[in-house]
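Notes follow once the structure below has been shown.
None of these values were measured; they are calculated from a predicted model.
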Amino acid sequence: MSTETVNTSATRDGDPSVDGEELVTRDQTTGRELARHRVAGPEQVRAAVEVARTAAGPWWDLGFDGRAERLRAWRRDIAQGGEELATLIRAENGKSLEDGRAEVLSVLGHLTFVLDNVERVLARHQVATPPAMTNQRASVEYLPYGVVGVIGPWNFPLGTPGAIVIHALAAGNVVILKPSPITPGVGEWLARSWRRAVPDLPDTLQTLVGFAATGQALTADVDKIAFTGSVRSGRAVAADCARRLTPMLLELGGNDAAVVAEDADLDDAAAHITWGALQNAGFGCISLEVAYVVDAVHDALVDRIAALARRVHAGSGDDDLIGPVPLPAQIPVIRHHIEDALARGATAVVGGPASGAADDQYVQPTILVDVPADALAAVEETFGPVLSIIRVADTEEAIARINASPYGLGSAVFSRDHGEAIARRLRVGMTSVNDALAFSQISGLPFGGRGDSGFGRKHGDEGLLEFVYPHAITVRTGPAPTPTTTFARPPGAMAHALAVARARLLGEDDHKERT
């Protein structure tokens with residue numbers, strides 16, 4: 001095992017102690033300087049929140065139709081600038097241009113979803129009243145929190161925070177986005193796009209550039225925070241929110257697994273698992289990191305995955321399928337997980353320790369087999385292009401191992417006849433059957449996890465409900481059949497109400513038993 005020291009103060013979000021007044025970004029594929037950004041300190045954060053609060057009322061007063069008109073204008077501007085935006089993602093993050101375009105398509109899809117569904121989900125609606133309260137008109141309306149802070153990651157610098165921003169805006173909130181210090185230009189592009197598309201309310205969406213301290217200052221002032229990043233950083237955000245009881249959405253890490261049953265289509269399983277593990281260089285909270293494969297098909301599947309993985313190369317050329325590691329501190333973590341597994345008896349059928357040491361920027365894919373259940377790569381988030389394949393006796397063992405994990409984000413199941421039945425037994429937030437990560441590409445599905453993977457949901461109806469709170473209203477319309485909300489109620493009023501309820505409920509039960 002390597003004796004290399006892994007920086008335990010840093011996370012996959014970067015070193016929280018890094019600070020400064022200026023942030024310099026570089027092109028991940030050339031190393032050239034891209035831009036210099038002014039870092040927002042506490043005073044700038046407070047000023048931005050004050051500006052946002054002045055914009056909150058006018059934005060909410062527009063109503064569904066007024067907000068939809070401006071969101072449509074924003075969608076047009078993003079679509080028109082999509083190639084420019086994808087190119088910027090490639091430069092700041094290093095991923096391929098095709099993957100950058102996929103992120104643009106993702107935010108356009110989420111904009112379309114909220115435009116088509118926000119009023120259905122969040123419109124005020126009437127609620128039925130019980131027999132003793134027929135003199136009341138009851139309703140529920142959904143109100144925005146106000147100013148929402150969104151702290152975004154570098155691995156999907158547009159798609160991940162973009163979806164959250166879109167749902168928060170559609171729900172009637174104003175938003176301040178703090179992008180990752182690795183990819184601040186993408187966040188600033190979104191804010192410029194908003195100002196172009198919505199010149200009458202330009203401060204409804206703002207971007208603040210900075211390090212962890214900027215995010216901490218933002219968390220202290222807003223009405224709700226949405227954070228995407230590592231478990232360690234998520235715990236720090238939760239602690240900051242606890243001081244003010246600030247509501248939060250946390251999308252944290254994962255050690256997502258695939259289950260491959262004996263009746264799986266092995267060619268399909270290999271293709272989707274390889275892509276699910278290696279796409280975006282494995283830098284995804286939902287990337288497949290472990291495959292639990294039933295013994296009867298284990299060797300055949302390993303051969304197929306190995307053959308496919310050998311075709312995936314990390315680089316900056318047009319033919320390279322995955323890009324560099326934008327956060328250099330992540331490379332020692334990836335190497336440490338690989339070397340730990342090998343020291344415990346695993347074998348690398350593709351790649352190995354040197355895959356993360358060829359240079360300071362690229363990590364080539366590694367496929368590990370015979371990985372012990374307690375190896376770091378099997379139980380922790382590696383966050384890199386590494387897949388651990390673990391042989392299991394049957395799908396029951398695979399289900400038990402997944403459900404025992406402290407994480408609970410995404411998963412995949414491969415089985416011709418039992419895929420959905422297996423999926424429904426997994427204690428995770430999302431599962432794709434006979435595919436990988438498909439749930440992330442359907443805007444109407446909620447996205448989120450449980451346990452160490454965080455809580456709350458983005459995307460879909462649940463993503464809209466995440467950024468509002470329900471306000472219950474009753475309106476007295478006349479005299480009550482049985483007064484219950486006054487000390488002046490007649491003697492025996494509650495006894496009468498109870499007798500009526502008892503007779504009605506018992507009568508209903510008797511009728512159901514007879515029929």
Side-chain angles (χ1 to χ4, degrees), residues 23 25 27 34-38 40 44 48 51-52 55-56 58-59 62 66-93 95 97-116 118 147-210 218 226 228 443 458-459 463 467:
L23 192 158
T25 58
D27 189 312
L34 273 177
R36 291 177 178 263
H37 305 264
R38 181 188 176 195
Q44 288 76 31
V51 169
W59 177 243
L62 289 173
R67 290 192 293 275
E69 178 185 350
R70 287 153 181 83
L71 289 170
R72 275 192 292 271
W74 193 32
R75 182 176 61 176
R76 285 194 299 273
D77 191 87
I78 293 173
Q80 289 169 350
E83 281 296 315
E84 175 192 347
L85 184 50
T87 300
L88 176 58
I89 293 171
R90 172 169 172 72
E92 284 197 324
N93 172 278
K95 66 176 61 181
L97 191 58
E98 283 291 276
D99 284 350
R101 291 173 178 137
E103 291 202 49
V104 177
L105 287 170
S106 174
V107 297
L108 293 175
H110 288 297
L111 276 163
T112 299
F113 174 84
V114 300
L115 286 166
D116 291 344
V118 62
V147 181
V148 172
V150 179
I151 301 177
W154 53 264
N155 56 328
F156 288 93
L158 175 66
T160 293
I164 297 172
V165 168
I166 288 163
H167 281 70
L169 288 171
N173 301 276
V174 294
V175 177
I176 299 175
L177 168 64
K178 192 207 85 68
S180 165
I182 295 175
T183 54
V186 175
E188 291 193 328
W189 193 100
L190 277 180
R192 288 196 303 273
S193 172
W194 178 266
R195 291 194 295 271
R196 288 193 300 265
V198 190
D200 57 330
L201 288 171
D203 297 322
T204 305
L205 171 61
Q206 301 176 69
T207 294
L208 293 175
V209 172
L218 181 63
T228 305
S443 300
K458 63 181 185 180
H459 303 183
F467 293 102

Exercise. Should V198 and T204 count as side-chain neighbours, where that means a heavy-atom distance under 4.5 Å?
Worked result: no
Problem set entry | K95 to F156 six-membered ring, cation-pi geometry met (6.0 Å, 45°) | yes
Seminar exercise, completed: Closest heavy-atom pair, V174 versus A52, reported as atoms and distance to 0.1 Å, is CG2-O, 3.5 Å
Exercise. Can S193 and D77 be counted as having a side-chain donor-acceptor contact under 3.5 angstrom?
Worked result: yes
Problem set entry | From CA spacing to verdict: side chain to side chain contact (heavy atoms under 4.5 Å, CB included), L71, I166 | CA-CA 8 Å; L71 289 170; I166 288 163; 5.6 Å; no
For this session: Tell me whether the guanidinium CZ or amine NZ of R67 lies under 6.0 angstrom from the six-membered ring centre of W74 and within 45° of its axis.
Result: no
For this session: Could you tell me the separation between the OG1 atom of T25 and the CD atom of E92, rounded to the nearest 0.5 Å?
Result: 5.0 Å
Exercise. What class does the angle between the rings of H167 and H110 fall in, given that below 30° is parallel, 30 to 60° is tilted and above 60° is perpendicular?
Worked result: perpendicular
Seminar exercise, completed: Minimal heavy-atom distance between V175 and A168, with the atoms involved, is CG2-CB, 3.7 Å
Seminar exercise, completed: Between G210 and K178 the two heavy atoms that sit nearest each other are O-NZ, 3.1 Å
Exercise. Of the non-hydrogen atoms in E188 and V209, which two are nearest, and what is the gap between them?
Worked result: OE2-CG2, 3.3 Å
Problem set entry | Test item: N173 side-chain N/O and F467 main-chain N/O as donor-acceptor pair under 3.5 Å | yes
Problem set entry | NZ/NE/NH1/NH2 to OD/OE distance under 4.0 Å, E69 and R72 | no
Problem set entry | Side-chain heavy-atom pair L23, P184 within 4.5 angstrom cut-off | yes
Problem set entry | Rounded distance [0.5 Å steps], NE2 in H459 versus CZ in F113 | 10.5 Å
Exercise. Got a donor-acceptor contact below 3.5 angstrom from the W194 side chain to the L201 backbone?
Worked result: yes
Exercise. Could you state the interatomic distance from OG1 (T87) to CG (L97), rounded to the nearest 0.5 Å?
Worked result: 5.0 Å
Problem set entry | Short side-chain to backbone donor-acceptor contact, S106 and A102, under 3.5 Å | no
Exercise. Okay, side chain of R90, backbone of A86: is any donor-acceptor separation there less than 3.5 Å?
Worked result: no
Exercise. Taking W59 for the side chain and L169 for the main chain, is one N or O donor matched with an acceptor at less than 3.5 Å?
Worked result: yes
For this session: For residues G162 and V107, report the shortest heavy-atom separation together with the two atoms involved.
Result: CA-CG1, 4.1 Å
Exercise. What heavy-atom pair brings P153 and T183 nearest, and what distance separates the two atoms?
Worked result: O-OG1, 3.9 Å
